[in-house]
S.K.: 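Mind having a look at this structure? Questions to follow.
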Protein chains: 2
Amino acid sequence: MLAPERQKFILDELAKEGAVTVSRLAQSLGVTEETIRRDLEKLEKAEGLRRTHGGAVPIEGTSYELSLEKRKATNVEAKKKIAEIAASYVFSGDTIFLDASTTTFFMAKELKNLKNITVITNSLRVLAELSSCEHIKLISVGGIVSANQSFVGSLSERSIKESFFANKMFFSSKGVSKEIGILESNEQECGIKQNMLANSECKFFLCDSDKIGRVSFAKLASLADIDYLITDKVPDEEFVMALKDKNVQLITE
Amino acid sequence: MLAPERQKFILDELAKEGAVTVSRLAQSLGVTEETIRRDLEKLEKAEGLRRTHGGAVPIEGTSYELSLEKRKATNVEAKKKIAEIAASYVFSGDTIFLDASTTTFFMAKELKNLKNITVITNSLRVLAELSSCEHIKLISVGGIVSANQSFVGSLSERSIKESFFANKMFFSSKGVSKEIGILESNEQECGIKQNMLANSECKFFLCDSDKIGRVSFAKLASLADIDYLITDKVPDEEFVMALKDKNVQLITE
DNA sequence: ATATAATGCTTGCTCCTGAAAGACAAAAGT
DNA sequence: ACTTTTGTCTTTCAGGAGCAAGCATTATAT
């Protein structure tokens with residue numbers, strides 16, 4: 001592999017992941033860490049990135065793609081952790097819904113090595129992530145592509161309602177409160193998720209701790225509608241009680 | 001093999017793979033590395049590529065996306081030219097179908113700067129390419145994701161048939177013959193394209209010269225069904241006559 | 001047949017990569 | 001707060017792969 005190829009790969013990885021480590025790059029590219037460091041050195045000089053201990057991060061304020069990612073990328077570590085936990089609840093033979101959220105995108109990465117599963121999604125990013133996996137049956141709802149990189153609109157909703165059923169659903173939202181339930185700020189996404197909920201047996205709500213207690217304007221579902229809530233740390237006691245009361249199982253590990 | 005042939009091969013390979021090495025080229029072309037280096041030198045002067053140690057990579061800004069997924073595309077230069085011509089037939093206000101082919105993917109890149117157009121496609125790669133364009137209304141058919149990075153299956157066909165209509169359609173196929181018409185090797189893609197054809201007013205068939213005379217097993221449409229055939233160079237006279245006979249307008253520039 | 005261009009070959013040189021050793025920084029234990 | 005430990009970084013060097021240049025050879029054209 002040629003040096004510029006490698007460097008391009010590094011920039012790609014950086015844009016995709018938000019950060020890269022020397023050791024991981026060395027492993028994925030099959031060269032020594034010294035070579036990676038030299039590449040990073042060059043790229044830093046060319047203003048392509050900023051080096052850090054152990055790896056590199058993007059230059060501040062670069063590609064809009066990144067800023068878009070970054071905007072959504074609050075609480076990334078928590079989301080990755082939740083995604084990992086959620087993925088461990090997917091087994092061979094499952095048919096699952098994934099909505100269009102950052103957390104389910106991370107989850108898709110974790111699912112890549114599973115075999116004999118069917119994934120139905122309205123997320124362009126999940127599709128792109130899983131489309132190369134031969135052993136995963138991947139189904140997309142159609143519809144209008146939103147700014148959110150997802151398919152929305154009446155066609156999407158209708159196709160879910162009429163054509164797709166899953167035994168598990170994994171989704172996220174803007175917020176959740178113990179009084180109101182699960183809240184969303186985007187009506188279109190809300191419609192999609194409601195249709196998915198209606199057609200799935202077992203519902204997993206992926207909710208990083210920042211979102212607990214946060215209220216948004218549209219109600220997506222009530223707590224009683226879901227079966228599991230996966231989050232990154234144990235919420236306050238009142239919230240835990242509310243979950244127990246609504247028969248929602250809390251998963252934090 | 002003549003020098004210009006070799007150089008065309010090199011550019012093709014470059015576009016296909018994202019990078020080329022001197023040693024591999026020398027082997028595939030059956031010449032020494034010196035000859036390859038001289039070719040690369042010329043091509044670099046002509047701004048066709050950038051040389052590096054051990055090989056060459058594309059000029060910055062071109063086909064960056066290709067390095068991500070290796071494709072088996074052939075005749076890349078011709079396809080890009082055809083894509084460019086095709087894009088010049090799209091105007092503000094149009095609603096167009098794009099199928100899932102390499103040529104329409106290149107075409108999508110050319111469409112990025114247009115405003116007020118609606119694109120309906122079953123190609124994941126076209127979607128990914130255009131999803132960041134705020135000023136393009138982008139619609140996806142749903143369905144099963146095929147190995148071809150496209151949506152296929154009955155759901156796709158039904159959603160096209162029932163929900164989508166366009167004033168122009170741009171598509172490609174595996175081959176075309178003056179006796180039989182337009183041929184496809186993939187039944188699923190074939191079904192999608194036929195449904196798109198049925199729901200569009202003006203049909204543009206994008207056909208690089210390699211495909212003329214090539215026969216495949218499934219008939220997609222007859223020549224009389226299309227309105228325009230866009231290709232990279234004027235075909236042989238018999239084929240041109242056949243087009244004229246079927247009232248198909250030939251576009252080569 | 002001769003001139004011109006293209007290709008192949010050889011030589012010395014350059015650049016890239018990987019390995020090793022020491023410097024440095026961050027994290028953890030005392 | 002200090003030291004230890006661990007991991008990362010820089011520097012240096014050597015081997016090897018790739019390269020430019022000049023010349024010999026072959027192909028092509030006039």
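Proteins get letters first, then strands, A, B, ... in listed order; numbering begins at 1 in each. The analysis underlying the following values was restricted to heavy atoms, covering all of them including side chains, and did not include hydrogens, waters or symmetry mates.
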S.K.: Is any side-chain heavy atom of L130(A) less than 4.5 Å from a side-chain heavy atom of V145(B)?
M.R.: no
S.K.: Return the orientation label for the Y228(B) and Y89(B) ring planes: parallel under 30°, perpendicular over 60°, tilted otherwise.
M.R.: tilted
S.K.: Does K112(B) pair with E129(B) as a salt bridge, N-O distance under 4.0 Å?
M.R.: yes
S.K.: Can you see whether N148(B) engages S146(B) through a side-chain donor-acceptor pair at a distance of less than 3.5 angstrom?
M.R.: no
S.K.: Considering just the side-chain nitrogens and oxygens of R6(A), establish if one lies under 4.0 Å of OP1 or OP2 belonging to dT17(C).
M.R.: yes
S.K.: Would you check, one step at a time, whether the test ring pair (Phe, Tyr, Trp, His ring centres under 6.0 Å) holds for F205(B) with F171(B)?
M.R.: CA-CA 5 Å; F205(B) 177 48; F171(B) 72 109; 5.1 Å; yes
S.K.: Hey, are K42(B) and D39(B) close enough for a salt bridge, meaning a charged N less than 4.0 Å from a carboxylate O?
M.R.: no
S.K.: Figure out the CE/P separation between M1(A) and dT17(C), and round it to whole Å.
M.R.: 12 Å
S.K.: Distances under 3.5 Å only, N/O to N/O: pair up the protein atoms with those of nucleotides 11-20 of chain D.
M.R.:
{"unit_1": "dG18(D)", "atom_1": "O3'", "unit_2": "G54(B)", "atom_2": "N", "d": "3.0"}
{"unit_1": "dC19(D)", "atom_1": "OP1", "unit_2": "T52(B)", "atom_2": "O", "d": "3.3"}
{"unit_1": "dC19(D)", "atom_1": "OP1", "unit_2": "G54(B)", "atom_2": "N", "d": "2.8"}
{"unit_1": "dC19(D)", "atom_1": "OP2", "unit_2": "R37(B)", "atom_2": "NE", "d": "2.6"}
{"unit_1": "dC19(D)", "atom_1": "OP2", "unit_2": "R37(B)", "atom_2": "NH2", "d": "2.9"}
{"unit_1": "dC19(D)", "atom_1": "O5'", "unit_2": "R37(B)", "atom_2": "NE", "d": "3.3"}
{"unit_1": "dA20(D)", "atom_1": "OP2", "unit_2": "R51(B)", "atom_2": "NH2", "d": "3.4"}

S.K.: So, taking the atom named NZ in K8(B) and the one named CG in L43(B), what distance separates them when rounded to the nearest 0.5 Å?
M.R.: 12.5 Å
S.K.: Rounded to the nearest 0.5 Å, what's the gap from CD1 on I82(B) to OG1 on T104(B)? Could you check?
M.R.: 11.5 Å
S.K.: I want to check a possible cation-pi pair here: K178(B) against F239(B), using under 6.0 Å from ring centre and within 45° of the ring axis as the test.
M.R.: no
S.K.: Taking only side-chain nitrogens and oxygens of T32(A), does any of them come within less than 4.0 Å of OP1 or OP2 of dT17(C)?
M.R.: no
S.K.: Does T35(A) place a side-chain N or O at less than 4.0 Å from the phosphate oxygens OP1/OP2 of dT17(C)?
M.R.: no
S.K.: Shorter than 3.5 Å, N or O on both sides, protein versus nucleotides 25-30 of chain D: list them out with atom names.
M.R.:
none

S.K.: Distance check needed: dT7(C) P versus E5(B) CD, whole Å only.
M.R.: 11 Å
S.K.: Rounded to the Å, how far apart are Q27(A) CD and dG18(C) P?
M.R.: 14 Å
S.K.: Is the shortest side-chain N to carboxylate O distance from R37(B) to E33(B) below 4.0 Å?
M.R.: yes
S.K.: Quickly work out the L25(B) CG to dT7(C) C1' distance and round it to whole Å.
M.R.: 16 Å
S.K.: What distance do T252(A) atom OG1 and L229(A) atom CG have between them, rounded to the nearest 0.5 Å?
M.R.: 10.0 Å
S.K.: Pick the closest DNA chain C nucleotide for V31(B) and for K42(A) by heavy atoms, then say which residue is nearer the 5' end.
M.R.: V31(B)
S.K.: Between the axis at one end of the helix from dA1(C)-dT30(D) to dT30(C)-dA1(D) and the axis at the other (five pairs apiece), what's the angle to 10 degrees?
M.R.: 30°
S.K.: For L2(A) and dC15(C), give me the distance from atom CG to atom C1', rounded to whole Å.
M.R.: 14 Å
